[in-house]
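Okay, structure first, notes after.
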Amino acid sequence: MRGAYGFREPRAVNAFFKTYRRESILLGLLVLLAVFVALRQPSFVSPKNLEFIWHDSALLIAMALAQMLVIMSRGIDLSVAANLALTGMLVGMLGQEFPGLPIWVLLPLGLLIGLLLGVVNALLITALEIPPIVATLGTMSIFRGVIYVVSGGEWINSNEMSPAMQAFSSPNTRLLGLSMLEWVSIAAVVLFFLLVHHSRFGREIRALGVNPVAAQYMGIPEKRRLFSLYALSGAVAGAVGVMWVGRYALANTEVALGFELQVIAACVLGGVSIAGGTGTVFGAVVGAFFLVTLYNALPVIGISPFWQMGLVGVAILLAAVFNQGAGRVAGKQILRKEGAAGD
């Protein structure tokens with residue numbers, strides 16, 4: 001529909017901001033943060049630096065998208081960083097022994113190893129009915145211990161790393177002007193957007209998060225869906241593990257230590273509700289970008305590294321408070337509508 005002067009009314013834009021209100025606010029804060037830092041250091045918003053932030057965010061984006069689905073189901077996967085590290089070490093050791101292996105062999109192998117590790121979580125949660133936070137906390141420690149066992153505490157350095165792994169994850173390897181990790185992030189966004197917002201699987205995961213009892217009455221196979229979900233989370237972590245080790249040209253027992261907290265933080269910042277049922281691909285992506293941008297911006301404006309984690313924690317708490325408040329407002333609106341209908 002066109003207005004009085006022949007211009008199309010921005011209904012699509014209004015609908016977008018209404019649907020993604022919290023995500024849009026975070027995106028606005030991200031832009032303000034970039035502008036503020038640019039006033040101190042103009043090169044921060046140069047195309048080259050912005051692309052570096054995108055390249056640096058790619059692996060976090062992929063992990064946050066998988067974690068988003070897990071959190072939407074009222075679960076959590078604390079083992080993703082340990083899965084990443086173990087898979088990266090195993091594939092790195094294989095590449096060390098057989099340096100001629102191509103990336104199209106190493107990357108699917110990492111995905112398969114991560115999938116198997118994810119299946120361990122899935123069995124603990126669905127077959128033994130162990131709460132996800134307990135199951136994945138246990139496997140997180142086990143996976144970290146296995147890294148030390150298989151490696152003997154040894155490191156794999158850049159001169160021992162598979163050339164294919166390093167080349168694939170290097171910012172200098174380009175396809176149509178973008179690095180391979182940037183293409184990976186684009187592929188992850190497209191795939192998870194279809195999975196979360198345009199598939200039966202995504203709708204059922206959301207239903208399980210909103211009301212598990214009602215979802216069971218609807219005939220949704222809860223255990224099968226959760227099994228697939230944690231297996232998927234493991235597969236993504238495994239594939240990211242191969243790219244992570246190639247990106248930083250290092251594999252040891254402390255790879256990605258604490259990275260699971262950054263993954264969860266990106267989800268929370270992006271409006272994914274820990275209570276389940278709420279989350280969008282757009283939100284998870286913006287949350288990951290915001291987190292990486294914040295990490296890159298704080299040193300530029302002269303904030304001590306000792307304060308960085310504290311400020312990120314404050315941002316997470318503010319996001320959680322905002323999400324909680326938004327949920328309460330929505331609940332009040334529903335009650336008012338029901339009351340009006342009964343009058």
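In this text the structure is predicted, and so the values were computed from the model without any measurement.
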Say you draw a straight line from CG of Leu50 to CH2 of Trp54; how long is it, rounded to the nearest 0.5 Å?
11.0 Å

Side chains of Leu32 and Phe36, heavy atoms from C-beta outward: is any pair under 4.5 Å?
no

Checking Thr139 now: which residues fulfil side chain to side chain donor-acceptor pair (under 3.5 Å) with it, not counting sequence neighbours?
Asn121

Pairwise ring pair (Phe, Tyr, Trp, His ring centres under 6.0 Å) hits with a residue in residues 228-278, at least two apart:
Trp244-Tyr248, Trp244-Phe259

hydrophobic_cluster_shared for Ile113 and Leu116, side chain cutoff 4.5 Å
no

State yes or no: do Leu208 and Ile274 share one hydrophobic cluster built from I, L, V, M, F, W and Y residues joined by side-chain heavy-atom distances below 4.5 Å, directly or via other members?
yes

Could you work out, with side chain to side chain donor-acceptor pair (under 3.5 Å) as the rule, every residue matching Arg74, not counting sequence neighbours?
none

In terms of heavy-atom contacts, Arg225 and Ile220 come closest through CG-CG2, 4.3 Å

Just by modelled atom types, is the Ser79 backbone N or O under 3.5 Å from a matching donor or acceptor in the Thr136 side chain?
no

Verdict with supporting geometry, Leu27 and Leu30, side-chain contact (heavy atoms from CB on, under 4.5 Å)
CA-CA 5 Å; Leu27 181 60; Leu30 176 60; 4.3 Å; yes

side-chain contact (heavy atoms from CB on, under 4.5 Å) for Val272 and Thr280? Distances and angles first, verdict last.
CA-CA 7 Å; Val272 182; Thr280 64; over 6 Å; no

Go through the structure and list residues passing side-chain contact (heavy atoms from CB on, under 4.5 Å) with Leu261, not counting sequence neighbours.
none

Donor-acceptor contacts, no H, no angles, side chain residues 56-68, under 3.5 Å, sequence neighbours left out:
from: Ser57; atom 1: OG; to: Ile53; atom 2: O; distance (Å): 2.6
from: Gln67; atom 1: OE1; to: Asp77; atom 2: N; distance (Å): 3.0
from: Gln67; atom 1: NE2; to: Asp77; atom 2: O; distance (Å): 3.1

State, yes or no, whether a side-chain contact exists between Ser73 and Leu226 at a heavy-atom distance under 4.5 Å.
yes

Value rounded to 0.5 Å, distance of CZ in Phe168 from OG in Ser179
9.0 Å

Applying side chain to side chain donor-acceptor pair (under 3.5 Å), name anything that partners Gln216, two or more places apart in sequence or on another chain.
Glu222

Name of the residue among Ile186, Leu178, Val184 meeting side chain to side chain contact (heavy atoms under 4.5 Å, CB included) with Glu182
Leu178

Following the transitive rule for hydrophobic clusters with a side-chain heavy-atom cut-off under 4.5 Å over Ile, Leu, Val, Met, Phe, Trp and Tyr, establish whether Ile264 and Leu232 coincide in one cluster.
yes

Using side-chain heavy atoms (C-beta onward) and a distance below 4.5 Å, is Asn252 in contact with Ile156?
no

Residues passing the side chain to side chain donor-acceptor pair (under 3.5 Å) test with Glu51, sequence neighbours excluded, are Arg174

Set of side-chain contact (heavy atoms from CB on, under 4.5 Å) partners for Val37, sequence neighbours left out
Leu33, Phe44, Ala297, Val300, Ile301

Would you say Leu250 and Met161 make side-chain contact, with heavy atoms under 4.5 Å?
no

Ring pair (Phe, Tyr, Trp, His ring centres under 6.0 Å) pairs, two or more places apart, involving residues 129-157
none

Listed pairs under 3.5 Å, donor-acceptor, residues 83-111 side chains, sequence neighbours left out:
from: Asn83; atom 1: OD1; to: Thr87; atom 2: OG1; distance (Å): 3.1
from: Asn83; atom 1: ND2; to: Gly114; atom 2: O; distance (Å): 3.3
from: Asn83; atom 1: ND2; to: Gly234; atom 2: O; distance (Å): 3.4
from: Thr87; atom 1: OG1; to: Asn83; atom 2: O; distance (Å): 2.9

Nearest non-hydrogen partners of Ser151 and Thr253, listed with the distance
OG-CG2, 4.2 Å

Minimal heavy-atom distance between Ala231 and Val119, with the atoms involved, is CB-CG2, 4.2 Å

With sequence neighbours left out, write down each residue that passes side-chain contact (heavy atoms from CB on, under 4.5 Å) with Ile142, or none if nothing qualifies.
Val146

Is there a path of hydrophobic side-chain contacts, each under 4.5 Å between heavy atoms of I, L, V, M, F, W or Y residues, that connects Val210 with Met218?
no

If you count the non-hydrogen atoms of other residues, nucleotides and ligands that lie under 6.0 Å from CD1 in Ile133, is the total more than 12?
no

Check the hydrophobic clustering (I, L, V, M, F, W, Y; side-chain heavy atoms under 4.5 Å; chains of links allowed) and say if Val150 and Val245 are grouped together.
yes

Does any part of the side chain of Ser233, heavy atoms only, come nearer than 4.5 Å to the side chain of Val80, both counted from C-beta?
yes

For Leu175, enumerate each residue passing the side-chain contact (heavy atoms from CB on, under 4.5 Å) test, keeping only those at least two apart in sequence or located in another chain.
Met180, Trp183

Can you name the closest pair of heavy atoms from His197 and Val281 and give their distance?
NE2-N, 3.3 Å

Residues Glu254, Arg144: salt bridge by 4.0 Å N-O rule
no

Side-chain contact, heavy-atom cut-off 4.5 Å: Arg206 with Arg203?
no

For the student: nearest non-hydrogen atoms of Thr278 and Met72, plus distance:
O-CG, 3.7 Å

Would the distance check show the side chain of Glu204 and the main-chain N or O of Phe201 forming a donor-acceptor pair, the cut-off being under 3.5 Å?
no

Please find the pair of heavy atoms, one from Ser169 and one from Gly246, that lie closest to each other, and give the distance.
CB-C, 3.7 Å

If we only count heavy atoms from C-beta on, is the Ile130 to Ile125 side-chain gap below 4.5 Å?
no

